[in-house]
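See below for the structure under consideration.
Heavy-atom basis, side chains included; hydrogens, waters and symmetry copies ignored. FYI, the numbering just counts along the sequence from 1.
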Amino acid sequence: MEGTKMDARVDECERDDGNTQEDAPMEESEQNNKDMEVAPALVSVHPTQSSVAVALGSDLRVFNLLDNSAVSLMDESGGAYHNDSIRCIKYGTNGKLFVSAGDDKLVKVWSTDCWRCISTVVSEKRVSAVAISNDGLHVCFADKFGVVWVVDLPGFDGTKASLNQKAVPLLAHYCSIITSLEFSPDGRFIVSADRDFKIRVTVFPKKPLDGAHEIQSFCLGHTEFVSCLAFICTPDSPQGILVSGGGDSTVRMWDIISGSLLDTCEVGTKVGQVEPNATEGNCSTVTNICTIPECTLIAVAIQSLRGIMLLTCDLSSRTLSVSKVVSIDGENFVPTSLGSSISGGLLWMVTGASKFRGSDVSSLSRVKVISGFKKSNPNASEQEPTVLADSEIPGGAKLLEKLQGSISIDEKVFLAAADAVKTAMCNLLIKKQYSDEKREFRKRTRNDKKSKQ
């Protein structure tokens with residue numbers, strides 16, 4: 001039974017069958033299809049909003065908001081920083097570290113003081129998710145085989161590059177692609193979500209390099225893939241309250257200690273009222289979730305929603321409800337990634353993709369910001385979120401030129417790209433189906449074989 005599942009998922013898990021790359025040359029059409037896999041744009045915000053990072057394809061763009069200038073990255077390993085699509089970016093809890101990783105099987109750890117790459121880790125498979133421990137001593141990443149790896153960063157002081165670290169396996173989801181990794185606010189647990197509807201809560205060990213063997217709970221309830229995770233911090237729950245989104249058009253709230261489902265919010269129904277065509281073809285997939293610090297709001301990005309949905313979390317009753325929808329007027333802006341910071345009261349959004357078909361440009365990103373989230377007023381119903389004009393965004397034209405690649409974007413190009421983004425977000429986590437013949441061909445032509453010692 002288990003062997004059959006592995007065979008059926010060989011493309012996603014990239015199972016090693018012992019053959020060599022020379023067994024069969026890769027056909028040009030196969031390579032082209034791989035190269036055309038669309039990569040959505042990503043955004044991440046420094047905890048104190050001192051900088052903002054956007055990843056688009058293999059390009060990592062960072063803007064320093066303190067001195068209002070574009071950041072120049074330094075990588076002493078030479079060559080390109082990444083040579084294939086970046087799939088995950090994240091700041092550490094204290095903002096001293098930043099991690100980027102993706103399809104080139106490289107995990108790069110950056111010091112945000114000088115934006116130097118202090119460590120490059122080579123993964124055996126493509127990377128799908130990353131997380132940084134709350135103390136900044138460990139970086140975890142998940143690969144396409146469903147294994148979570150951990151890297152030790154001993155004695156990091158941010159001033160010099162370290163030797164390339166070797167990752168060791170921490171835990172595994174057994175041939176199910178891991179879509180999201182998050183540490184609990186108290187740092188005691190690492191939470192992993194996968195494409196087979198599961199959320200696993202694991203005790204993060206004192207000696208991570210020896211592996212994580214204690215499972216705290218499983219959070220089961222999603223009926224489609226789980227796409228994203230986030231934590232709500234509360235004084236009564238040091239470990240936080242977990243929220244998740246997925247392909248079943250729901251946002252769910254969990255108690256990670258027991259694995260209990262606290263509440264479910266059906267966001268797909270609300271999207272159908274705002275976007276009449278959104279219910280066609282499972283277009284209400286939750287693609288990203290971002291909690292707003294110091295208030296009870298959760299921002300939700302949904303596949304075909306031109307804007308974001310705000311949910312209210314009632315901490316006393318532990319329930320979720322739709323507060324409002326913030327639309328982006330005048331633009332076909334469907335966010336692919338969201339980010340916020342502890343300070344600033346802003347929600348950062350990006351839309352875009354690289355390697356998409358149907359346009360004269362190979363990649364495009366567009367940045368938007370919503371303000372009006374006040375710490376002094378945690379009541380969600382009294383918040384007044386406002387979409388900032390480009391001239392009102394912190395960093396202004398300089399920031400947009402750096403993170404978008406240009407200050408303004410041609411409307412026709414943007415409309416064409418928006419359709420590609422919708423398609424990309426729809427197909428991102430849907431399992432590909434292959435014939436036995438094609439599956440065997442892909443196994444023979446894999447290029448990530450383990451080297452034999």
Selection residues 50-60 - residue pairs positive for salt bridge (charged side-chain N to carboxylate O under 4.0 Å, His left out), sequence neighbours left out: Asp59-Arg61
task: Scan residues 47-58 for pairs that pass salt bridge (charged side-chain N to carboxylate O under 4.0 Å, His left out), counting only residues two or more places apart or in two chains.
output: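 Sorted result for residues 47-58: empty, none.
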query: Between Ile190 and Leu181, does a side chain to side chain contact (heavy atoms under 4.5 Å, CB included) hold up when you go through it step by step?
result: CA-CA 7 Å; Ile190 183 169; Leu181 278 179; 4.2 Å; yes
message: Holding to side-chain contact (heavy atoms from CB on, under 4.5 Å), I want the full list of residues that pass it with Ser128, two or more places apart in sequence or in another chain.
response: Ala142, Ile177, Ile178
- line: With sequence neighbours left out, the residues meeting side-chain contact (heavy atoms from CB on, under 4.5 Å) with Asp329 are Ser327
- prompt: Can you check side chain to side chain contact (heavy atoms under 4.5 Å, CB included) on Ser244 and His222, steps first, answer last?
  reply: CA-CA 9 Å; Ser244 62; His222 279 285; 2.7 Å; yes
message: I need the Thr285 OG1 to Leu305 CG distance, nearest 0.5 Å.
response: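 The distance works out to 12.5 Å.
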Rounded distance (nearest 0.5 Å) linking atom SG of Cys140 with atom CG of Leu170: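 Interatomic distance, Cys140 SG to Leu170 CG, rounded to 0.5 Å: 5.5 Å.
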query: If you look at every heavy atom in Ile86 and Ala101, which pair is closest and at what distance?
result: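 The answer is CG2-O, 3.4 Å.
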message: If you compare all heavy atoms of Ile302 against all heavy atoms of Val334, which two are closest, and at what distance to 0.1 Å?
response: O-CG1, 3.8 Å
message: Arg200: which residues meet the salt bridge (Lys or Arg N to Asp or Glu O under 4.0 Å) condition with it, sequence neighbours left out?
response: none
- request: Using the test salt bridge (Lys or Arg N to Asp or Glu O under 4.0 Å), find all partners of Asp263 that sit at least two apart in sequence or belong to another chain.
  value: none
Residues that [X] engages under side chain to side chain donor-acceptor pair (under 3.5 Å), provided they are two or more places apart:
| X | answer |
| --- | --- |
| Asp143 | Trp149 |
| His138 | Asp152 |
| Lys402 | none |
| Ser100 | His82, Trp110 |

field: With sequence neighbours excluded, residues passing ring-ring contact (aromatic ring centres under 6.0 Å, His included) with His46
entry: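 Tyr91.
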ring-ring contact (aromatic ring centres under 6.0 Å, His included) partners of Phe183, counting only residues at least two apart: Phe204
Check against side chain to side chain contact (heavy atoms under 4.5 Å, CB included), Lys108 and Asp75: CA-CA 9 Å; Lys108 289 187 173 288; Asp75 188 349; 2.7 Å; yes
Return yes if some donor-acceptor pair links the side-chain N/O of [X] with the main-chain N/O of [Y] below 3.5 Å, else return no.
| X | Y | result |
| --- | --- | --- |
| Ser323 | Leu310 | no |
| Glu266 | Gly268 | no |
| Thr351 | Thr336 | no |
| Asp248 | Thr223 | yes |
| Asp194 | Phe225 | no |

Check ion pair [X]-[Y] (N to O, under 4.0 angstrom):
| X | Y | result |
| --- | --- | --- |
| Glu182 | Lys90 | yes |
| Asp390 | Arg366 | yes |
| Lys368 | Glu331 | yes |

Side chain to side chain contact (heavy atoms under 4.5 Å, CB included) partner of Val99, chosen from Val127, Val107, Ile89: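 With Val99 as partner, Val127, Val107, Ile89 yield a single side chain to side chain contact (heavy atoms under 4.5 Å, CB included), made by Val107.
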